[in-house]
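By convention in this document, chain letters (A, B, ...) are assigned in the order of the sequence lines, proteins followed by strands, and residues within each chain are numbered from 1.
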Amino acid sequence: METIIEGLIKNNLIVAFLTVGVILFLSYWLSKTFTKGKIPGAAIAISAGLFIAYFGGDKGIANIPLFSGMAILGGNMLRDFSIVSTAMGASISQIKKAGWIGFFSLLIGIGAAFFSGALLAYAMGYHDIKSVVTIGAGACTFIVGPVTGNAIGAESDIVAISIAIGVIKSVLVTLLTPAIAKKIRLTNPKTAMIYGGVIGTTSGVAAGLAATDPKLVPYGALTATFYTGLACLLCPSVLYYIIDLMI
Amino acid sequence: MKIYGIAILSLCYLAGQVIGDLLGLGLAFKGNIGGVAFGMLFLIVFADHFKNKGFFDQESESGILFWSSMYIPVVVAMSSIQNVKVAISSGFIAVVVGVLSTLFCFMLIPLISKFSKQEENGN
C-alpha cells in the first residue's frame, strides 16, 4: 500500500489531472441532474475545489502529499497560461465591432464591481489595503481576485474569499439574467455587448445569455473576454493606488 | 502541428509576463502586474496577423484551444490549494460582497444602454 501511494506521489501532476477530471465530471452531472443546468457545472466544480481545500492546510489540499500536484496544475504559471489562451476567440475585427461603447462598459463594469466590493470589505472590518483590493478584485470575477491577490502579495485566506465572491457572482448572474432580461432591455446585440462588458464573469454571462436568448451569447462573450484581462491589469495598479489614496 | 500553436501562445505569454514583471517593478510591487492582459493582447494581434498571412492553420489553433479548454479545470485546482480553513470564518463577507456587488452591476446596464442610445440619436 505504501509503495502504491509513494508511486502516486511521484506522479503528483497526473494524480491532479485525474482528481480535477473526476471533480468536473461529478459537478457537471450534479448540475444536469439536480438543477437542470441552471447552476453551471463550472461554478459547482470551483465550489467543490474550495470545499476540498478545507481538508488541507495553509496550502489547501496540496498540503496532503498525494494531492501536491494540485499546486502545479492550479499554480500561477498554468493559471495565467490558460487565461491568456482564452484570448484566441477574439479577433481585431470583432474588437472594432464592440467599439467605444464596449470599452466604456468594461471600464464602468470593472470600476463598479471593484469599488462596491472594496467598500463593503472596508465596511465589514478589512482595513489593510491588500485585503481590500483583493476582495474588490474578487467582486470582478473569480479569476481577477487571485491574480490580483498574488500580484500584490495578499494572504491565501483572503484569496480564497475573493474566489468565493467571484463564484457567487457567476451563479447569481446565471440565475438572474433570464429573470431580469426584459427589465434591463437585454433583447438586442448591443445591450448584450454592454451586458458582457459590465458583468464580465464569462461563464455566468454565457450561461445567462444562453438561457435568455442563445443568439445573444457571442455578443456578450465578446466583451466579457476582455473583462478579465483588463481587470487583471487595472486592479493591482490604477485601482490599487486609488484605494491607497482613499484609505 | 499543435505545438506550433502552443509555441506561439508561450511566446505571447512570456512577453506579457516580462512586461508585467517590469511594470510590477516600476510600481514597486514584487508581483506581476497585468502580465495576463499583455499576453492576451499579443495573442490577439499575433493570431490575427498570422491568420491573415495564412501561416496559422487549424491544427496550430487547436493547440491553443486545448489550453483555453483547460481554463476551468485549472481554476478548480487553484481553488483547491487556498487556505480555506482560515477563510471559512469570514464566509459571510463573501456572500454579502458577492450578492450586493453583483446586483449593483446589474442596475448599471439599463443606464449605459440608455446613454449609448442617446449618443446614437445625437449623431
Undergrad: Going through the checks in order, is the side chain to side chain contact (heavy atoms under 4.5 Å, CB included) test met by I112(B) and I108(A)?
TA: CA-CA 9 Å; I112(B) 300 179; I108(A) 298 271; 3.7 Å; yes

Undergrad: Looking at every heavy atom in both C105(B) and I199(A), which two are closest together, and how far apart are they?
TA: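 Minimum heavy-atom separation between C105(B) and I199(A): CB-CD1, 4.0 Å.
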
Undergrad: Apply the test side chain to side chain contact (heavy atoms under 4.5 Å, CB included) to residues L73(A) and V76(B): give CA-CA distance (whole Å), side-chain angles for both, the deciding distance (0.1 Å), then the verdict.
TA: CA-CA 9 Å; L73(A) 184 58; V76(B) 171; over 6 Å; no

Undergrad: Given a strict heavy-atom distance threshold of 4.5 Å, which part of P146(A) is in contact with chain B: side chain, backbone, both, or neither?
TA: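 Just its side chain gets close to chain B.
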
Undergrad: Just so I understand: if I count every heavy-atom pair under 4.5 Å between each of T86(A), I180(A), D80(A) and chain B, which residue has the most?
TA: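 Option with the top pair count is D80(A).
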
Undergrad: Counting only heavy atoms from other residues, nucleotides and ligands, does the tally under 6.0 Å from CZ of F25(A) exceed 12?
TA: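 No, because the 6.0 Å sphere around CZ of F25(A) holds 12 heavy atoms or fewer from other groups.
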
Undergrad: Is there a side chain to side chain contact (heavy atoms under 4.5 Å, CB included) between E155(A) and N83(B)? Walk through the geometry before answering.
TA: CA-CA 8 Å; E155(A) 298 293 329; N83(B) 196 349; over 6 Å; no

Undergrad: When rounded to the nearest 0.5 angstrom, what is the spacing between CD1 in I184(A) and CD1 in I109(B)?
TA: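 Taking CD1 in I184(A) and CD1 in I109(B), the distance rounds to 4.0 Å.
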
Undergrad: How long is the straight-line distance from CG of L50(A) back to CE of M78(B), given to the nearest 0.5 Å?
TA: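 It is 8.0 Å, given to the nearest 0.5 Å.
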
Undergrad: Could you tell me which portion of A112(A) (side chain, backbone, both or neither) has an atom closer than 4.5 angstrom to a non-hydrogen atom of chain B?
TA: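 Both parts, backbone and side chain.
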
Undergrad: Between OG1 of T228(A) and OH of Y71(B), what distance do you get to the nearest 0.5 Å?
TA: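 Answer for the OG1-OH pair, T228(A) versus Y71(B), is 4.5 Å.
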
Undergrad: Looking at S90(B), G91(B), S69(B), which has the largest count of heavy-atom pairs under 4.5 Å with chain A?
TA: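 Among S90(B), G91(B), S69(B), the one with the most close pairs to chain A is S90(B).
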
Undergrad: Measure L24(A) against the heavy atoms of chain B and call it side chain, backbone, both or neither at under 4.5 Å.
TA: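 For L24(A), the side chain is the part near chain B, not the backbone.
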
Undergrad: G34(B), G31(B), A77(B): which one forms the most heavy-atom pairs within less than 4.5 Å of chain A?
TA: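 The candidate making the most pairs under 4.5 Å is A77(B).
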
Undergrad: Can you list everything that forms a side-chain contact (heavy atoms from CB on, under 4.5 Å) with N32(B)? Sequence neighbours excluded, please.
TA: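 By the side-chain contact (heavy atoms from CB on, under 4.5 Å) rule, N32(B) matches Q17(B), D21(B).
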
Undergrad: Given heavy-atom pairs under 4.5 angstrom as the criterion, report whether the side chain, backbone, both or neither of F67(A) touches chain B.
TA: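 No part of F67(A) comes within 4.5 Å of chain B.
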
Undergrad: Using a 4.5 Å heavy-atom cutoff, which residues in residues 3-12 of chain B come close to chain A?
TA: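 The list, in residue order, reads I6(B), L9(B), S10(B).
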
Undergrad: Compare all side-chain heavy atoms of L65(B) with those of M88(A) and state whether any distance is below 4.5 angstrom.
TA: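 Answer yes - side chains close enough.
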
Undergrad: Considering only heavy atoms and a distance below 4.5 Å, find which of G117(A), S82(A), A42(A), G229(A) pairs most often with chain B.
TA: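 The residue among G117(A), S82(A), A42(A), G229(A) with the greatest pair count is S82(A).
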
Undergrad: Taking 4.5 Å as the heavy-atom cut-off, does anything in residues 41-48 of chain B contact chain A, and if so which residues?
TA: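 Result: L43(B), I44(B), V45(B), A47(B), D48(B).
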
Undergrad: Would you mind checking which part of I163(A) comes under 4.5 Å of any heavy atom in chain B, side chain (CB onward), backbone (N, CA, C, O), both or neither?
TA: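 Side chain only.
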
Undergrad: If we define contacts as heavy-atom pairs under 4.5 Å, which of P110(B), A87(B), S80(B) has the most with chain A?
TA: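 Highest number of pairs under 4.5 Å: S80(B).
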
Undergrad: Using non-hydrogen atoms only, which part of I161(A) is less than 4.5 Å away from chain B: side chain, backbone, both, or neither?
TA: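 For I161(A), heavy atoms of backbone and side chain both lie under 4.5 Å from chain B.
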
Undergrad: Using 30° and 60° as the class boundaries, would you call the ring planes of F81(A) and W67(B) parallel, tilted or perpendicular?
TA: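 Geometry flag for W67(B) against F81(A): perpendicular rings.
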
Undergrad: Quick one: does any side-chain atom of K85(B) pair with a main-chain N or O of G56(A) as donor and acceptor, under 3.5 Å?
TA: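 Yes, the answer is positive, given that a donor and an acceptor are paired below the 3.5 Å cut-off.
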
Undergrad: Not counting sequence neighbours, which residues clear side-chain hydrogen bond (donor to acceptor under 3.5 Å, both in side chains) with S68(B)? List them please.
TA: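 With sequence neighbours excluded, S68(B) shows a side-chain hydrogen bond (donor to acceptor under 3.5 Å, both in side chains) to no residue whatsoever.
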
Undergrad: Taking every heavy-atom pair that is under 4.5 Å apart, which of I64(B), I88(B), V95(B), L100(B) has the most such pairs with chain A?
TA: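 The residue among I64(B), I88(B), V95(B), L100(B) with the greatest pair count is I64(B).
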
Undergrad: Look at I168(A), L230(A), V167(A), I165(A) and state which one has the largest set of heavy-atom pairs under 4.5 Å with chain B.
TA: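 Most heavy-atom pairs under 4.5 Å with chain B: I165(A).
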
Undergrad: Does any non-hydrogen side-chain atom of V84(B) lie less than 4.5 Å from one of F51(A)?
TA: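 No, too far: nothing below the 4.5 Å cut-off.
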
Undergrad: Tell me, for F114(A) versus chain B, whether the close heavy atoms (under 4.5 Å) come from the side chain, the backbone, both or neither.
TA: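 For F114(A), there is no contact with chain B at all, as no heavy atom is under 4.5 Å.
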
Undergrad: Is any side-chain heavy atom of S101(B) less than 4.5 Å from a side-chain heavy atom of K169(A)?
TA: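 The answer is no, as the side chains (C-beta and beyond) never meet within the 4.5 Å cut-off.
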
Undergrad: Name the option with the most non-hydrogen atom pairs under 4.5 Å to chain B; the candidates are G57(A), A164(A), G109(A).
TA: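 Most pairs with chain B among the choices: G57(A).
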
Undergrad: To the nearest 0.5 Å, what is the distance between CD1 (I93(B)) and CG (L120(A))?
TA: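 Result: 7.5 Å between the selected atoms.
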
Undergrad: Is there side-chain contact between F106(B) and T177(A), with at least one heavy-atom pair below 4.5 Å?
TA: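 Touching, per the 4.5 Å side-chain cut-off.
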
Undergrad: Please look at I83(A) and chain B and tell me whether the side chain, the backbone, both or neither of the residue comes under 4.5 angstrom of a heavy atom of that chain.
TA: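 Contact with chain B: backbone and side chain both.
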
Undergrad: Please flag which part of L14(B) lies under 4.5 Å from any non-hydrogen atom of chain A: side chain, backbone, both or neither.
TA: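 Neither; nothing under 4.5 Å.
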
Undergrad: Could you tell me whether M77(A) atom CE has more than 12 heavy atoms of other residues or ligands within 6.0 Å of it?
TA: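 It does not: M77(A) CE has 12 such atoms or fewer within range.
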
Undergrad: Compare every heavy atom of M40(B) with every heavy atom of T225(A), then report the nearest pair and how far apart it is.
TA: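 Heavy atoms only, the tightest pair is O-CE, 3.5 Å.
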
Undergrad: Quick check on the interface: out of L103(B), V99(B), L108(B), who has the most heavy-atom pairs with chain A under 4.5 Å?
TA: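 It is V99(B).
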
Undergrad: What is the distance from atom CE of M70(A) to atom OG of S79(B), rounded to the nearest 0.5 Å?
TA: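 With rounding to 0.5 Å, CE (M70(A)) is 9.0 Å from OG (S79(B)).
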
Undergrad: Less than 4.5 Å to any heavy atom of chain B: does that hold for the side chain of V173(A), its backbone, both, or neither?
TA: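 Interface part for V173(A): both.
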
Undergrad: Is F115(A) close to chain B through its backbone or its side chain, or both, or neither, when contacts mean heavy atoms under 4.5 Å?
TA: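 The answer is neither part of F115(A).
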
Undergrad: Could you check which of I152(A), N150(A), I23(A), I52(A) has the highest count of heavy-atom pairs closer than 4.5 Å to chain B?
TA: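 Looking at each of I152(A), N150(A), I23(A), I52(A) in turn, I152(A) comes out on top.
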
Undergrad: So which part of F66(B) gets closer than 4.5 Å to some heavy atom of chain A, the side chain, the backbone, both or neither?
TA: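 No part of F66(B) comes within 4.5 Å of chain A.
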
Undergrad: Side chain, backbone, both or neither: which part of F17(A) has a non-hydrogen atom closer than 4.5 Å to chain B?
TA: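 Looking at F17(A), just its side chain touches chain B.
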
Undergrad: Please round to the nearest 0.5 Å and tell me the distance separating atom OG of S156(A) and atom CD1 of I81(B).
TA: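 Going from the OG atom of S156(A) to the CD1 atom of I81(B) covers 8.0 Å.
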
Undergrad: Contact part of A231(A) toward chain B, heavy-atom cut-off under 4.5 Å: side chain, backbone, both or neither?
TA: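 When you check distances to chain B, no heavy atom of A231(A) falls under 4.5 Å.
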
Undergrad: Let's test your reading of the structure: which of G125(A), A121(A), S116(A) forms the most heavy-atom pairs below 4.5 Å with chain B?
TA: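 Going by pairs under 4.5 Å, I would pick S116(A).
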
Undergrad: Evaluate the side-chain proximity of D58(A) to V86(B): yes if any heavy-atom separation is below 4.5 Å, no if none is.
TA: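 With C-beta onward as the side chain, the pair stays apart.
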
